[in-house]
Amino acid sequence: MPKNTYSITTTLPYVNADPHIGFALEIVQADVLARWHRLKGEEVVFNTGTDEHGQKIQAAAEKADMDPKAYCDEYAAKFHGLKEALDLTYTNFIRTTDEHHVKAAQEFWKRCDAAGDIYKKQYQVKYCVGCELEKTDSELVDGKCPIHPKLEVELRDEENYFFRWSKYQAALLKHYGENPGFVMPESRLKEIRSFVEGGLMDFSISRLKEKMSWGVPVPGDEAHVMYVWFDALVNYISTLGWPASGDFEKFWPGVQVAGKDNLRQQSAMWQGMLLSAGLPLSKQIFIHGFITADGQKMSKSLGNVVNPYDLVQAYGTDPVRYYLLGSLPAYEDGDYSRKQFEEAYAAKLVNGIGNLAARTATMVEKYCDAKVPAAVPDRFNTEDFWKAYEASLDRYHFDEAIRVLERYVTGVNQAIDLEAPFKKAKLGEDVAPFMYQLAEALRHIGTALLPVIPAAASRILAQLSIDPADVRLPEAEAWGGLKTGAVVKKGEILFPRLEAKS
RNA sequence: CGCGGGGUAGAGCAGUUGGCAGCUCGGCGGGCCCAUAACCCGCAGGUCGCGGGUUCGAGUCCCGCCCCCGCAACCA
C-alpha cells in the first residue's frame, strides 16, 4: 500500500545573486505539484531554501565587508520573499547554515566514511573558482574553463578528502536502467546515463580550512571543511529531520525539481552519495529548461535579466504563474518576451477563462434566478479531460496540461454558441438543464486550476458557493458535484484587460 | 569527431507509441449579443531546413549534410 505522503524539493539557489525568473519557474512548478498532491489528500512536505557555503560566498561577504552569515541572511530573506510574491506553499525553508543541517551533513559524511568511501589524497587539481568545481583536462578548453574563460584555472596542490564516486558507476547505471522514469524528461535520463557510462572520477569533497573557512567542519579533522556541493546536497534529507527518524522515513524518497545545469549533481553525484550512505535514492528528478529573454540568454551585462518580483508587480501573481507554466515548454528551453506574455494573458486568461467565468455566472443569474438548477448528465467529456490533465501533470508536462484545460474551455464556449440559451430564454424555452452543465463545467475548470492559479481558481469556485478548502480529489472530478439550489453570484472581473491600466 | 537545444502558416509555438498537418496572435469574411468590444463559424497562408533510406504510409524511424542558439564576469 503506497504511503499517503508526498515530498518535493527545489534545488537550493546559491545566495550570491537576486532571485532569477528561472528559479521562479522551478519553484512554481514544485508548488503546483505540492498543491496538486495536497488536493488528493496526501500529506505534503515541500522544501526549498538557500545554499550558503563556499568560497564565492566568503569572497562576496569579504568584499561587502560583512560577516558571511549576515551576508547570507540578507539573501535568504530575498528568496524567502518569493513565497508571498508567487503564492507558494512550501513547508520548509532550509538554509545550509542551519544548525541541524550542519549536523546532518557531518553525520552523512561519517556514514560515507564508514562505508569506506572517503579517503585522503595528495593531489594537484585544476580548479575553477567560478564553478566551485574541479575540472578534468577533458573539460578544459585551451587550458581554461569553458564556462569561465576569463578566470585562470587554479592549480591546487593539497591534500583533500575524496568521495569514491567511481565505486557506484555500475549501481547508478543499474538504477537508471531499472527506473526509466527516474529522470524526466527521458532525454535527460539518456544524457546522464551516457555521462556515467563514460566513467566516474572520484571527486574532492573537502577544502583546507586555512584557505577557505566558510563551510561545514569535517568530522574528526579540524584542518578541513566540506566542499560546498557535498554539504548542500544533504539538505534534501536534513530538511526531513534526518538522521532522526520519523519524518525521514515518512517522506523520503522525494521528488526533486532542478534546472538542466544541475542534472549531474542531482541525478548522479547525489545519488552516489545516497548509495554510499545506505539510504534510498530519490524518487524522481524532473529537469526543466532555461528561459531566454527575447531570444537571448539573460545576463546582467545585457541588462535583460527578468526579475520575478517586477513581473508580479506589473501583472499579478496568477498571471505570472500561468505564464510560467502554460506558455513555456516544460521539457525544454523557452523564450520570454513582454509581448508574448501580454498576448498570452489576453488570449488565455482574459478572453478564455475570465470571460467564460463571467458569462456563465451572468446567465445562471439571469435565467435561473442565481441558483444551480437540477443536475443533468455531462456533455463535455469531463472524465476524459481529467484523465488527460492528470496524466500531463504526473509527467511534469505543465504546458501540455494547460493546453488540455484550454481545449476544455473552448469546448464549453462552443456549446454556448450551439445552444444559444440567450435566444431560447427569450422564446420561453427551458434552459435550466444547459445552465447546469455550464455551471458544473465551470466548477471543473476552477477545480483543475486550483494548483495552478490558486487565487483566481478560488474566486471561480466562490462564484459557485464552493469553498476551495472543501475540494478533494478525485471526488471533485466526478460530474455532478454542484448542488442544486446553490447560489451563483458573479464576482469581480477575474483578469482585467491590460489596456485598462494605461 | 567538445556538450546541449533547435530549424513546422506573416510572428510565436504544439505535434505521445509513424495513419487526413494543429494552437495562439495577426489578416479577410460571416454569426451572435449571455459575456471583460469578449465568444462561435469559415477563408487565405506550410516543398514540416536539405538529400537519401525503411514503410502501404514519415513532421514522426534510420543514414548523411546545411544553418541557428546557449555553454563570456553575474547567472536557473
Side-chain angles (χ1 to χ4, degrees), chain A residues 10-14 16-27 56 60 129-130 138-141 144-151 186-188 190-191 194-195 257-263 287-292 295-302 305 308 326-329 331-335 337 339-340 342-344 346-367 388 391-392 395 397 399-400 403 406-407 409-410 412-426 431 435 438 490 492-500:
Chain A
T10 65
T11 54
L12 301 192
Y14 206 51
N16 59 349
D18 289 345
H20 188 279
I21 185 79
F23 182 65
L25 168 69
E26 178 170 317
I27 200 165
K56 273 197 283 189
V129 177
S138 64
E139 286 177 300
L140 298 177
V141 176
K144 307 242 179 164
C145 167
I147 302 169
H148 304 93
K150 285 180 188 164
L151 293 176
E186 202 188 344
S187 57
R188 297 297 175 194
K190 280 188 194 158
E191 193 179 331
S194 62
F195 171 79
V257 182
K260 65 180 187 181
D261 57 328
N262 250 277
L263 174 66
I287 303 288
H288 66 258
F290 279 4
I291 304 174
T292 55
Q296 287 185 300
K297 180 176 163 67
M298 290 183 207
S299 73
K300 283 182 182 170
S301 62
L302 286 173
V305 174
S327 294
L328 298 173
Y331 284 6
E332 282 158 21
D333 291 354
D335 188 52
S337 77
K339 181 169 175 279
Q340 187 211 37
E342 294 187 352
E343 260 181 27
K348 276 94 178 262
L349 292 178
V350 177
N351 299 345
I353 293 161
N355 184 54
L356 179 63
R359 67 196 306 210
T360 297
T362 301
M363 283 192 277
V364 177
E365 282 185 350
K366 275 191 186 169
Y367 308 136
S392 296
R395 288 167 47 239
H397 214 323
D399 55 322
E400 184 182 80
R403 278 198 299 278
E406 285 164 356
R407 233 177 287 137
V409 170
T410 297
V412 177
N413 274 326
Q414 286 170 328
I416 293 174
D417 203 68
L418 186 71
E419 293 289 330
F422 31 85
K423 276 186 191 166
K424 288 184 177 169
K426 281 179 192 158
V431 297
M435 287 302 110
L438 271 192
K490 185 179 178 180
E492 292 289 301
I493 280 182
L494 280 174
F495 301 105
R497 238 157 244 294
L498 291 174
E499 296 90 81

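For clarity, every value in this text was computed on a predicted model and none was experimentally measured. To find a chain, count down the sequence lines: A is the first, B the second, and so on, and within it residues start at 1. Note: hydrogens, waters and symmetry copies are ignored here, and every other heavy atom, side chains too, is used.
No contact: A/Leu418 has no heavy atom under 4.0 Å from any strand. Backbone-only contact: A/Lys423 has heavy atoms under 4.0 Å from sugar-phosphate atoms and none from a base. Residue-level contact check: A/Lys366 touches the backbone only, with heavy atoms under 4.0 Å from sugar-phosphate atoms and none from bases. Residue contacts for A/Asn351: at a heavy-atom cut-off of 4.0 Å it reaches the sugar-phosphate backbone alone, with no base atom in range. Residue contacts for A/Tyr367: at a heavy-atom cut-off of 4.0 Å it reaches the sugar-phosphate backbone alone, with no base atom in range. In this structure, A/Glu26 reaches neither bases nor backbone, as no heavy-atom distance under 4.0 Å exists between it and the strands shown. Here A/Lys339 lies out of heavy-atom contact (under 4.0 Å) with every strand. No engagement by A/Lys424 is indicated, since no non-hydrogen atom pair under 4.0 Å with the nucleic acid exists. Among the protein residues, A/Arg407 comes within range of no part of the nucleic acid, since none of its heavy atoms lies under 4.0 Å from any strand.
B/G6 and B/G12 are spaced 14 Å apart, taking the C1' atom of each and rounding to whole Å. Spacing between B/G59 and B/C48 at atom P, rounded to whole Å, works out to 7 Å. Of the P atoms belonging to B/G7 and B/G15, the separation is 10 Å, rounded to the nearest Å. Nucleotides B/G42 and B/G22 are separated by 12 Å at their P atoms, to the nearest Å. B/G45 sits 14 Å from B/A9 when the P atoms are compared, rounded to a whole Å. Distance check on atom C1': B/G31 versus B/C68 gives 44 Å, rounded to whole Å. Between B/C50 and B/C66, the distance separating the two C1' atoms is 7 Å to the nearest Å. Nucleotides B/G27 and B/G70 are separated by 35 Å at their C1' atoms, to the nearest Å.
A donor atom on one side chain and an acceptor atom on the other are found under 3.5 Å apart for A/Asp399 and A/His397.
Here the side chain of A/Arg497 is nearest to one of B/A38, B/C25, B/C75, namely B/A38. For A/Ala17, the listed nucleotide lying nearest its side chain is B/C75; candidates were B/C32, B/C75, B/C39. Here the nucleotide nearest the side chain of A/Lys426, chosen from B/C39, B/C75, B/C34, is B/C34. Of the candidate nucleotides B/A14, B/A76, B/U36, B/U36 has the atom lying nearest to any side-chain atom of A/Phe495. Looking at the side chain of A/Thr362, the nearest of the listed nucleotides B/A35, B/A76, B/C32 is B/A35. Considering only side-chain atoms of A/Pro329, the nucleotide from B/C40, B/A76, B/A14 that sits closest is B/A14. You'll find that the side chain of A/Glu332 is closest to B/A14, out of B/C74, B/A35, B/A14.
Nucleotide B/U36 holds its P atom 13 Å from the CD1 atom of A/Ile416, rounded to whole Å. Taking atom CE of residue A/Met363 and atom P of nucleotide B/C39, one finds them 14 Å apart after rounding to whole Å. For the pair A/Asp333 CG and B/G6 C1', the interatomic distance rounds to 9 Å; values are reported in whole Å. What separates CG of A/Leu25 from P of B/A76 is a distance of 13 Å, to the nearest Å. Remark: C1' of B/C74 and CZ of A/Phe23 are 17 Å apart, rounded to the nearest angstrom.
Under the Watson-Crick or G-U wobble criterion, with both distances below 3.5 Å, B/G70 is paired with B/C3.
Between A/Lys490 and B/U36, a side-chain N or O to OP1/OP2 separation shorter than 4.0 Å is present. Contact annotation: A/Lys190 does not reach the phosphate of B/G4 (side-chain N/O to OP1 or OP2, under 4.0 Å). At least one side-chain nitrogen or oxygen of A/Gln414 sits closer than 4.0 Å to the OP1 or OP2 atom of B/C41.
Counting only distance, with no hydrogens or angles, the side chain of A/Thr10 and the backbone of A/Ala258 share no donor-acceptor pair below 3.5 Å.
Between the side chain of A/Lys297 and the base of B/C71, no donor-acceptor pair under 3.5 Å is found.
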